[in-house]
2 protein chains.
Amino acid sequence: MSKLQEKVAALPAERCCPALTERELTAEEAELTAAMFKALGDPVRLRLFSKVASHPDSEACVCDIADVGVSQPTVSHHLKKLKEAGLLTSERRGTWVYYRVEPSVLAAMGHLLTPTPASAQVA
Amino acid sequence: MSKLQEKVAALPAERCCPALTERELTAEEAELTAAMFKALGDPVRLRLFSKVASHPDSEACVCDIADVGVSQPTVSHHLKKLKEAGLLTSERRGTWVYYRVEPSVLAAMGHLLTPTPASAQVA
DNA sequence: CCCTTGATTAGACGGTTATCTAAACAGGTG
DNA sequence: CACCTGTTTAGATAACCGTCTAATCAAGGG
């Protein structure tokens, strides 16, 4: 969490790592990238992320998305994880806390999954 | 592993679930999709996947990719996980076993990360 | 037929994680 | 200030996961 988290936070996010098909990842690249995938690798977190991402302006109050079948503290725990992974940001406005999807993150992860030129040739 | 695995295996893979930004995922969709992300959420697995994906024809012998800093049984373990998640297929040809990336899987995961129309309007 | 090389399976161990309950904190309202 | 609602933090527990060594399976070559 500690040092890895700093590295993730320090990333431009728009361009962390090459596409998975471009060349093999270095150990460090793999560690950074895996952290993002890992954050989305839990059903509850994925639902929370999806709820925020599909809300208007990609923003939602905790109270709007907390209904995912686990206790509220657990929801808070997962939101924290998503935040640490750089996938969400949060802001308190009065009583409520709003979570927002960083659009650049989606683009970066999408880039990671760009099909290889080689397979494009084959296809 | 069991029932989830069957469901994952039964998917067309080309179109498992809607984009994360399209609408909030159902519990079942989230479980299926999270399984894929989870498989890529480990640095060693991600490196193995990247090694296969970036090889010519998106195919590689275990002997070509096994150098990721862990023992060979551990490599085998991770390859099995990737295979169970539907991200890789394997085939034995004589002495060696070859792993291959299913191109449709990359496309499906890329689709998941499609930016929301709303954010596109904003941008 | 044995032996070597490549790969997987079995079983165990240590660390991580998801979850809960209980408690604390933050902000608004009467 | 007291209270209520919304949110996070603390601490504990049970399950899961990544890793290893040892053993087993698969395929060829003397």
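Each chain gets a letter, A, B and so on, in the order its sequence line appears, and its residues count up from 1.
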inquiry  = Do A:R93 and A:Y98 form a cation-pi contact, if we require the NZ or CZ to be under 6.0 Å from the six-membered ring centre and within 45 degrees of the ring's axis?
reply    = yes
message = Looking only at the side chains, is there a donor atom on one of A:K83 and A:T89 sitting less than 3.5 Å from an acceptor on the other?
response = no
request  = Name the closest nucleotide to the B:R92 side chain, picking from C:dG6, D:dG18, C:dG28.
outcome  = C:dG6
ask   = How is B:R93 classified with respect to the nucleic acid when contacts are heavy atoms under 4.0 Å: base, sugar-phosphate, or nothing?
value = nothing
message = Tell me the interatomic distance from B:Q72, atom CD, to C:dA7, atom P, rounded to whole angstroms.
response = 6 Å
key: Whole-Å distance separating the CG atom of B:L46 from the P atom of D:dG18   = 13 Å
ask   = Would you say a side-chain N or O of B:T74 is under 4.0 Å from OP1 or OP2 of D:dC20?
value = yes
remark   = Which of C:dG6, C:dT21, C:dA18 is nearest the side chain of A:P73? It is C:dT21
ask   = Base, sugar-phosphate alone, or nothing: which one does B:H78 contact when heavy atoms must sit under 4.0 Å apart?
value = sugar-phosphate
request  = To the nearest Å, give me how far apart CZ (A:R47) and C1' (C:dA18) are.
outcome  = 16 Å
remark   = Closest heavy-atom pair, B:M36 versus B:A85, reported as atoms and distance to 0.1 Å, is CG-O, 4.1 Å
inquiry  = Within the 4.0 Å heavy-atom criterion, would you say B:Y99 contacts the bases, only the backbone, or no part of the nucleic acid?
reply    = sugar-phosphate
key: Side-chain N or O of B:K38 closer than 4.0 Å to phosphate OP1/OP2 of D:dC17   = yes
inquiry  = Whole angstroms only, please: what is the CG-P distance between A:D67 and D:dT7?
reply    = 13 Å
request  = Kindly say if B:K81 contacts the phosphate of D:dC17, meaning a side-chain N or O under 4.0 Å from OP1 or OP2.
outcome  = no
query = Where the side chain of B:C61 is concerned, which of D:dT7, C:dA7, C:dT21 is the nearest nucleotide?
reply = C:dA7
remark   = B:L79 CG to C:dT8 P, in whole Å, measures 6 Å
ask   = Same cluster or not: are B:V62 and B:V68 linked, directly or through other Ile, Leu, Val, Met, Phe, Trp or Tyr residues, by side-chain heavy atoms under 4.5 angstrom apart?
value = yes
remark   = A:C63 has its side chain closest, among D:dT8, D:dG18, D:dT7, to D:dT7
message = What contact category does A:T95 fall into here, base, sugar-phosphate, or nothing, at under 4.0 angstrom with non-hydrogen atoms?
response = sugar-phosphate
query = Is the closest basic N to carboxylate O distance between B:E29 and B:R23 below 4.0 Å?
reply = yes
note = note: B:L82, atom CG; D:dG18, atom P; distance rounded to Å ~ 10 Å
key: Distance, rounded to the nearest Å, where B:K80 contributes NZ and D:dT19 contributes C1'   = 15 Å
key: Interatomic distance, B:D42 CG vs D:dC16 C1' [rounded to whole Å]   = 13 Å
task = With heavy atoms under 4.0 Å as the rule, sort A:V75 into base, sugar-phosphate or nothing.
result = nothing
inquiry  = Please check this pair: side chain of A:D42 against backbone of A:V44, looking for a donor-acceptor N/O pair closer than 3.5 Å.
reply    = yes
query = Would you say D:dT7 has OP1 or OP2 under 4.0 Å from some side-chain N or O of A:S76?
reply = no
request  = Please check the phosphate of C:dT17 (OP1 and OP2 only) for any side-chain N or O of A:R45 closer than 4.0 Å.
outcome  = no
note = Heavy-atom nearest nucleotide on DNA chain C taken for B:W96 and for B:H77; more 5' hit belongs to B:W96
